[in-house]
Number of protein chains: 2
Amino acid sequence: MNEGVEWAMHSCVNLSWLPGQAVTAKHLAAFYDLPTAYLNKQLQALSRAGILSSTSGPKGGFQLARDARKISLLDIVVAIDGADDAFRCTEILKAGPAANPKTDYVKTCHISRAMRAAELTYRRELAGQSIADIAEQVLTEFPAAPQNTRTHLANLKS
Amino acid sequence: MNEGVEWAMHSCVNLSWLPGQAVTAKHLAAFYDLPTAYLNKQLQALSRAGILSSTSGPKGGFQLARDARKISLLDIVVAIDGADDAFRCTEILKAGPAANPKTDYVKTCHISRAMRAAELTYRRELAGQSIADIAEQVLTEFPAAPQNTRTHLANLKS
DNA sequence: GCTATTCAGGACATTTAGTATCCAGGTTAT
DNA sequence: ATAACCTGGATACTAAATGTCCTGAATAGC
């Protein structure tokens with residue numbers, strides 16, 4: 001899985017501490033010492049997916065496009081890593097002796113179906129966790145986290 | 001995910017129709033028109049993992065090393081694709097302002113934990129499906145499958 | 001023993017995906 | 001007007017997946 005997924009999730013949690021405030025890619029990158037230009041690519045992907053909204057120009061930057069409770073971890077995985085399953089059925093049964101060229105083996109092959117079922121439980125689990133859930137867990141463990149994040153980002157001189 | 005996982009699973013189902021009989025990599029590859037040398041690599045991995053047993057020399061080949069009910073889809077995924085999670089926590093929190101160098105963020109980071117939890121449901125699902133389960137499903141739908149597989153493999157002239 | 005068959009595994013080549021940088025162009029606050 | 005900032009394409013580098021080839025070891029049949 002793309003490493004950008006991790007960056008995107010942490011960045012979204014950070015942005016959740018600053019609702020309605022635009023944060024530049026440069027600041028988000030500096031927070032974890034990430035390559036700015038490359039993180040920017042991930043942020044653009046989140047923006048295209050409607051997870052973040054971006055504003056150009058001075059005082060511009062990124063912010064959550066909707067309530068953190070409505071942004072699931074799955075949303076971020078799909079935005080950064082794509083919607084494809086990890087296991088891709090290439091329908092090798094079509095090359096076998098009992099093959100029917102008309103059959104959609106992605107749907108009928110029992111191996112494909114078992115792998116797909118596992119993938120669905122994975123996605124269901126990720127869909128059930130929101131950025132707000134993560135933020136709340138962090139808040140419980142580190143009540144100072146939001147303020148710390150805000151002051152640290154504010155102190156990053158552009 | 002490695003495409004060899006799909007090949008390995010189908011090959012194991014085929015081998016489950018021929019208990020106690022060695023089948024060569026060449027024959028297993030010819031069954032689905034797969035590259036012999038490369039499939040052989042996957043079969044070797046299954047052999048190293050104790051899923052298949054191999055015998056050298058004429059009349060040699062591969063066979064299931066244990067009862068198909070004791071071979072889960074997860075066993076095969078791990079043997080071919082490795083045991084690593086799809087999401088790899090790189091502990092970017094260590095580079096953040098509230099970092100504690102002593103902390104194991106793979107275990108304490110809530111994002112890491114959420115991703116890990118999803119991965120576990122995925123693995124639990126795959127661990128609950130055996131090659132025998134798949135074979136049984138195929139048998140129910142296509143009662144002639146075992147015999148067809150046997151005769152087809154037998155007719156593949158070396 | 002000799003030979004043919006087959007697995008074991010290392011070396012290598014090719015292709016594809018992930019990682020990363022740079023720049024030219026458009027937007028906007030001051 | 002200028003500087004800050006996002007957008008997206010072009011490009012380069014690296015790592016992983018895919019695939020081939022070859023040598024060596026084991027073994028069945030003669």
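Chain identifiers are assigned alphabetically (A, B, ...) following the order of the sequence lines, protein sequences preceding nucleic acid strands; residue numbering begins at 1 within each chain.
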> What does A/A25 touch in the nucleic acid at a heavy-atom separation under 4.0 angstrom: a base, only the sugar-phosphate, or nothing?
Replying inline: sugar-phosphate
> Do other residues, nucleotides or ligands put more than 12 heavy atoms under 6.0 Å from the CD atom of B/Q137?
Replying inline: yes
>> Quick test of your reading of the model: are B/E119 and B/R116 salt-bridged, counting only N-O distances below 4.0 Å?
In response: no
> When the distance from NE2 of A/H27 to P of D/dA4 is rounded to whole Å, what number comes out?
Replying inline: 12 Å
> Does any residue of residues 82-90 of chain B have a heavy atom under 4.0 Å from DNA chain C, and if so, which ones, in number order?
Replying inline: none
> What is the distance from CD of A/Q42 to P of C/dG18, rounded to the nearest Å?
Replying inline: 11 Å
> Can you tell me how far C1' of D/dT18 sits from CD1 of B/I80, to the nearest Å?
Replying inline: 14 Å
> Is the shortest side-chain N/O distance from B/N2 to OP1 or OP2 of D/dT18 below 4.0 Å?
Replying inline: yes
>> Between A/K94 and A/D104, does any NZ, NE, NH1 or NH2 come within less than 4.0 Å of an OD or OE carboxylate oxygen?
In response: no
> Any sub-3.5 Å donor-acceptor pair from B/N14's side-chain atoms to B/S11's backbone N or O?
Replying inline: no
> Should A/L120 and A/L126 be regarded as members of a common hydrophobic cluster, given that ILVMFWY residues are connected when their side-chain heavy atoms come within less than 4.5 Å of each other, either directly or indirectly?
Replying inline: no
> Hey, is the side chain of A/S54 poking within less than 4.0 Å of OP1 or OP2 on D/dT7, counting only N and O atoms?
Replying inline: yes
>> Expressed as a whole number of angstroms, how long is the span from B/F62:CZ to D/dA26:C1'?
In response: 13 Å
>> If I take atom CD1 in residue B/I92 and atom P in nucleotide C/dT19, what distance separates them, rounded to the nearest angstrom?
In response: 13 Å
>> With a 4.0 Å cutoff (strictly under), does any side-chain N or O of A/R48 reach OP1 or OP2 of D/dT7?
In response: no
> Applying ring-ring contact (aromatic ring centres under 6.0 Å, His included), which residue pairs with at least one partner in residues 58-105 of chain A are found, sequence neighbours left out?
Replying inline: none
> Hey, mind stepping through B/T90 and A/E6 against side chain to side chain donor-acceptor pair (under 3.5 Å) and telling me if it holds?
Replying inline: CA-CA 8 Å; B/T90 63; A/E6 186 185 11; 2.6 Å; yes
>> I want to confirm an ordering. Mapping B/P35 and B/D81 to their closest nucleotides on DNA chain D, which one lands closer to the 5' end?
In response: B/D81
Extract from the structure each pairing of a protein N or O with an N or O of nucleotides 22-30 of chain C at less than 3.5 Å, listing the distance.
unit_1	atom_1	unit_2	atom_2	d
C/dT27	O2	A/G57	N	3.4

> Taking atom C1' of C/dT6 as reference, at what distance in whole Å does atom CG of B/L52 sit?
Replying inline: 15 Å
> Toward the 5' end of DNA chain C, which comes first, B/L43 or A/E3, by nearest nucleotide?
Replying inline: B/L43
> Once you round it to whole Å, what is the distance between P of C/dC7 and CD1 of B/I51?
Replying inline: 17 Å
> If you count the non-hydrogen atoms of other residues, nucleotides and ligands that lie under 6.0 Å from CZ in B/R150, is the total more than 12?
Replying inline: yes
> Linking I/L/V/M/F/W/Y whenever their side-chain heavy atoms sit closer than 4.5 Å, directly or via other members, would B/I111 and A/L139 fall into one cluster?
Replying inline: yes
> Looking at C/dG9, C/dA20, D/dT7, which one has an atom nearest to any side-chain atom of A/W7?
Replying inline: C/dA20
> Do B/V106 and A/Y32 sit in the same hydrophobic cluster, where Ile, Leu, Val, Met, Phe, Trp and Tyr count as joined when their side-chain heavy atoms come under 4.5 Å apart?
Replying inline: no
>> I need the OH-C1' distance between B/Y38 and C/dT16, as an integer number of Å.
In response: 12 Å
